[in-house]
Amino acid sequence: MSLALLLATIVAGFAYVISPGPAFLAVFALAATQGRQAAARFVIGHLVGDVTWGALALTAIIGANQLGPVLFDALGLFCGLYLVYLGIKAVMTRKDAPPTSIGASRPLMTGVMFGLTNPKAYPVSTAMFTAIALPFAGHLGWVDAPPLLGAALVGFILADILIVFWAGLPMVRRFFSAHRGIITRSVGVIFIAFGAKSIADAGRSFASRA
């Protein structure tokens, strides 16, 4: 296990978390309406999903992925439905509704659900870690999995700290608070789009094996 591979895995984990997406936007909306503490609870919950999908991605890279495509298609369908549900709730937010955001009542559990049901998590994490580990793939074995996952976890945590710090800045919170209605509905539309694509992809995959 080379130091270069460990550092590259840290970078891959950081890039995976910091990439903008529905959860990224949800953290900023939470920080604007509930403060850094709620945003931090959300990302702590989301870390459960990051570690889970990161572990599956590393497992696939090492060459021991035995779960098969049907499970991922079924999961993608569930993920899509869940995101569409959240998106519709956000889009239907009334203009005179009190300041809130997706996950405001239970940020920790919402973060866990977001992390575990993110339809892009497995393919994105696999792509990122594969790009980093491909030159070393022929030399990787099960003994390398724990240190690689540990390195990825370091990257996840560094990115989470940066996101929570940035989202909690006064000027960022003021911007989100001033435009919370538009932002909440825009995030909802993004959720629906991500969910619809996940459902469509799962449907095509099921149809191709029918």
Side-chain angles (χ1 to χ4, degrees), residues 9-60 72 75-90 100-129 132 148-169 172-173 176 180 183-184 186-195 197-198:
T9 304
I10 292 175
V11 172
F14 182 90
Y16 167 72
V17 171
I18 209 73
S19 301
F24 184 93
L25 295 174
V27 171
F28 278 78
L30 266 175
T33 58
Q34 305 291 320
R36 269 202 182 112
Q37 187 176 14
R41 290 201 299 271
F42 180 93
V43 298
I44 289 172
H46 199 277
L47 187 61
V48 174
D50 294 335
V51 172
T52 299
W53 291 114
L56 287 173
L58 292 172
T59 297
F72 289 110
L75 184 59
L77 182 61
F78 170 73
C79 295
L81 292 172
Y82 177 68
L83 286 179
V84 169
Y85 163 73
L86 290 177
I88 291 174
K89 285 185 63 177
T100 188
S101 56
I102 294 173
S105 60
R106 301 178 67 192
L108 180 63
M109 289 307 301
T110 303
V112 171
M113 288 296 294
F114 263 55
L116 292 175
T117 63
N118 184 350
K120 293 185 67 177
Y122 181 72
V124 171
S125 60
T126 300
M128 285 190 174
F129 287 120
I132 294 298
L148 285 176
L149 185 58
L153 179 60
V154 171
F156 295 157
I157 293 174
L158 290 175
D160 285 337
I161 292 172
L162 179 61
I163 290 172
V164 172
F165 171 76
W166 187 19
L169 292 175
V172 175
R173 292 187 62 186
F176 270 77
R180 64 178 179 82
I183 292 172
T184 297
S186 298
V187 171
V189 171
I190 293 173
F191 278 31
I192 293 172
F194 270 88
K197 184 179 185 307
S198 181

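The structure displayed is predicted, hence computed values, not measured ones. Counting begins at 1 with the first residue of the sequence.
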Exercise for the section: Please examine the side chains of Ile163 and Phe28, heavy atoms only from C-beta on, and report whether any two atoms are closer than 4.5 Å. Expected result: yes

Fill in the blank from the handout: Tightest non-hydrogen contact, residues Phe156 and Asp50, listed as CE1-O, 3.4 Å

Practice task
Search all heavy atoms of Arg173 against all heavy atoms of Gln34 and return the closest pair with its distance.
Solution key: NH2-C, 4.5 Å

Problem - Min side-chain heavy-atom separation Leu47-Leu153 under 4.5 Å - result: yes

Exercise for the section: Find the distance between CZ (Phe14) and CD1 (Ile157) and round it off to the nearest 0.5 Å. Expected result: 12.5 Å

Problem - Polar side-chain atom of Arg36 near backbone of Ala167 as donor-acceptor pair, under 3.5 Å - result: no

Handout entry: Exercise: identify the closest heavy-atom pair between Val112 and Val48
Key = CG2-CG2, 4.3 Å

Handout entry: Interatomic spacing from CZ in Arg41 to CE in Met109 - rounded to 0.5 Å
Key = 13.0 Å

Exercise for the section: Identify the two heavy atoms, one from Gly168 and one from Ala31, that lie closest to each other, and give their separation to 0.1 Å. Expected result: N-CB, 4.3 Å

